[in-house]
Chemist: 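There's a structure below that I have some questions on.
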Amino acid sequence: MPETLAHVASGKVRELFTIDDKRLLLVASDRISTFDVVLPTEIPDKGRVLTGLSAFWFARTRELCENHLLGLRPDGRSSECRRLEMLPLECVVRGYLAGSGWKDYVETGTTSGRKLPEGLRESDRLPEPIFTPSTKATTGHDENIDAGQAAALVGAERLEQVEQAALALYRFSAEHAAGRGIIIADTKFEFGLDESGALVLADEVLTPDSSRFWPADEYRPGGSQPSFDKQFVRDYCETLGWDKTPPGPDLPDDVVAGTRARYVEAFERLTGIAFDDYVRDPDVVLRADGDR
Ligand code: Q0Z
């Protein structure tokens, strides 16, 4: 826990605190959720991996869209951020057909009101990435909405701006990841506005918790794909016959170790930085390659 900062919000696996009226502290825990349930066993260093990855992407996408990151704390799991007026929209970009995008397509041939080509299979790559915004549900699951509903929430002009920013961020990161053996099937961005009304990328970005990461060497469209990070946890849970309602099961040591190794592998592949170097000095992810 940080000093004695006022607590603002709790996510399933993260906490948000006030530093002062302009700044927040976002703290990523080592908790893990599967099938929407937080498990009683933690994955050591998961919070550091997600914080470091997110900071890496913020540093490398500054020219595409400004962001809320002010700095990393020495613990590697906490980031200081600008406090923004958040937009009431989950900005999802999909490059592949999975999850609720696949479900909508099977039922209606569309997702978020957009007609998709016929004959697509589960996990197929889309002809081009699509922006499929959803509402922030206070309880239950986010709900996909069409462009008209999204425009009613933020205005047509702002919607156009966030769509272009989200697509540019996805294209950049998916191409970077593809060169390192990771498919970013889809991802969710959150944006806010600063005092001047400028659009600012916020929250956590392009991590395995905010995205679907698939190992490229195991990609076989026509069914669901293994998760880069959580597959050991899911496979173990499936062996138990657990009904996927709380409380979730404890994880055995080998599942914890294997899962930790996958998070660290994702970090090292995507950043090109040894995770131990990040633990020693978190700011290493913020420096351009040449300056290390
Ligand atoms: C993010 C969240 C939680 C982590 C509010 N820069 C910002 N300015 C204003 N608000 C936020 C941010 Cl990131 C903000 N969330 C989501 C909840 C832990 C993130 F409990 N909520």
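First listed ligand is number 1; within each ligand, the first listed atom is number 1.
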Chemist: Under a 4.0 angstrom heavy-atom cut-off, which atoms of ligand 1 come close to R83?
Modeler: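 Near R83, the atoms of ligand 1 are 8 (N).
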
Chemist: Would G192 count as a contact of ligand 1 if the rule is a heavy atom under 4.0 Å away?
Modeler: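 Not so, G192 does not reach ligand 1.
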
Chemist: H68 versus ligand 1: do any nitrogen or oxygen atoms come within less than 3.5 Å of each other?
Modeler: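 Yes, since at least one N or O of H68 sits under 3.5 Å from an N or O of ligand 1.
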
Chemist: What is the nearest protein non-hydrogen atom to atom 10 (N) of ligand 1, stated with its residue, atom name and distance?
Modeler: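 Looking at atom 10 (N) of ligand 1, the protein heavy atom closest to it is M86 CG, 3.4 Å.
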
Chemist: Heavy atom to atom 3 (C) of ligand 1, shortest distance: which of G11, A28, S29 holds it?
Modeler: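 Minimum heavy-atom distance to atom 3 (C) of ligand 1 goes to G11.
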
Chemist: Drop me the distance from D229's CG to T259's OG1, to the nearest 0.5 angstrom.
Modeler: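 D229 CG to T259 OG1: 8.5 Å, rounded to 0.5 Å.
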
Chemist: What do you reckon, is CD of E63 surrounded by more than 12 foreign heavy atoms closer than 6.0 Å?
Modeler: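 Atom CD in E63 is crowded, with more than 12 foreign heavy atoms closer than 6.0 Å.
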
Chemist: Under 3.5 Å, is there a donor-acceptor pair linking the side chains of S123 and R212?
Modeler: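 The criterion, which ignores hydrogens and geometry beyond distance, is not satisfied for R212 and S123.
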
Chemist: Classify the contact between L24 and ligand 1 as side chain, backbone, both or neither, using a heavy-atom distance cut-off of under 4.0 Å.
Modeler: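 The answer is the side chain of L24.
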
Chemist: Answer whether the closest heavy-atom distance between the side chains of K22 and L70 falls below 4.5 Å.
Modeler: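 With C-beta onward as the side chain, the pair stays apart.
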
Chemist: Considering only the protein, which heavy-atom contact is closest to atom 9 (C) of ligand 1, and what is its distance?
Modeler: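 The closest heavy atom on the protein side is L84 O, 3.2 Å.
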
Chemist: I'd like to know if the side chain of D243 pairs up with that of T245 as donor and acceptor (distance under 3.5 Å, no hydrogens or angles considered).
Modeler: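 T245 and D243 do have a side-chain donor-acceptor pair below 3.5 Å.
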
Chemist: Counting heavy atoms only, which of V200, L16, D203 comes nearest to atom 21 (N) of ligand 1?
Modeler: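 Looking at heavy atoms only, L16 sits closest to atom 21 (N) of ligand 1.
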
Chemist: Can you report which non-hydrogen protein atom sits closest to atom 19 (C) of ligand 1, along with the distance?
Modeler: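 Checking every protein heavy atom, the shortest distance to atom 19 (C) of ligand 1 gives R14 NH2, 3.3 Å.
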
Chemist: Flag yes if Y278 and L206 sit in one hydrophobic cluster, no otherwise; membership is Ile, Leu, Val, Met, Phe, Trp, Tyr, and two members link when side-chain heavy atoms are under 4.5 Å apart.
Modeler: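 Looking at the clustering, L206 is in the same group as Y278.
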
Chemist: If you round to the nearest 0.5 Å, how far is CG of D203 from CG of L69?
Modeler: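 Here the interatomic distance stands at 12.0 Å.
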
Chemist: Which of the numbered atoms in ligand 1 are below 4.0 angstrom from a heavy atom of S10?
Modeler: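 In order of number, 3 (C), 20 (F).
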
Chemist: Hey, is the main chain of T51 close enough, under 3.5 Å, to the side chain of S54 for a donor-acceptor pair?
Modeler: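 No, the answer is negative, given that no donor and acceptor are paired below the 3.5 Å cut-off.
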
Chemist: Where does R82 meet ligand 1, judged by heavy-atom distances below 4.0 Å: at the side chain, the backbone, both, or neither?
Modeler: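 For R82, the contact with ligand 1 is made by the backbone alone.
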
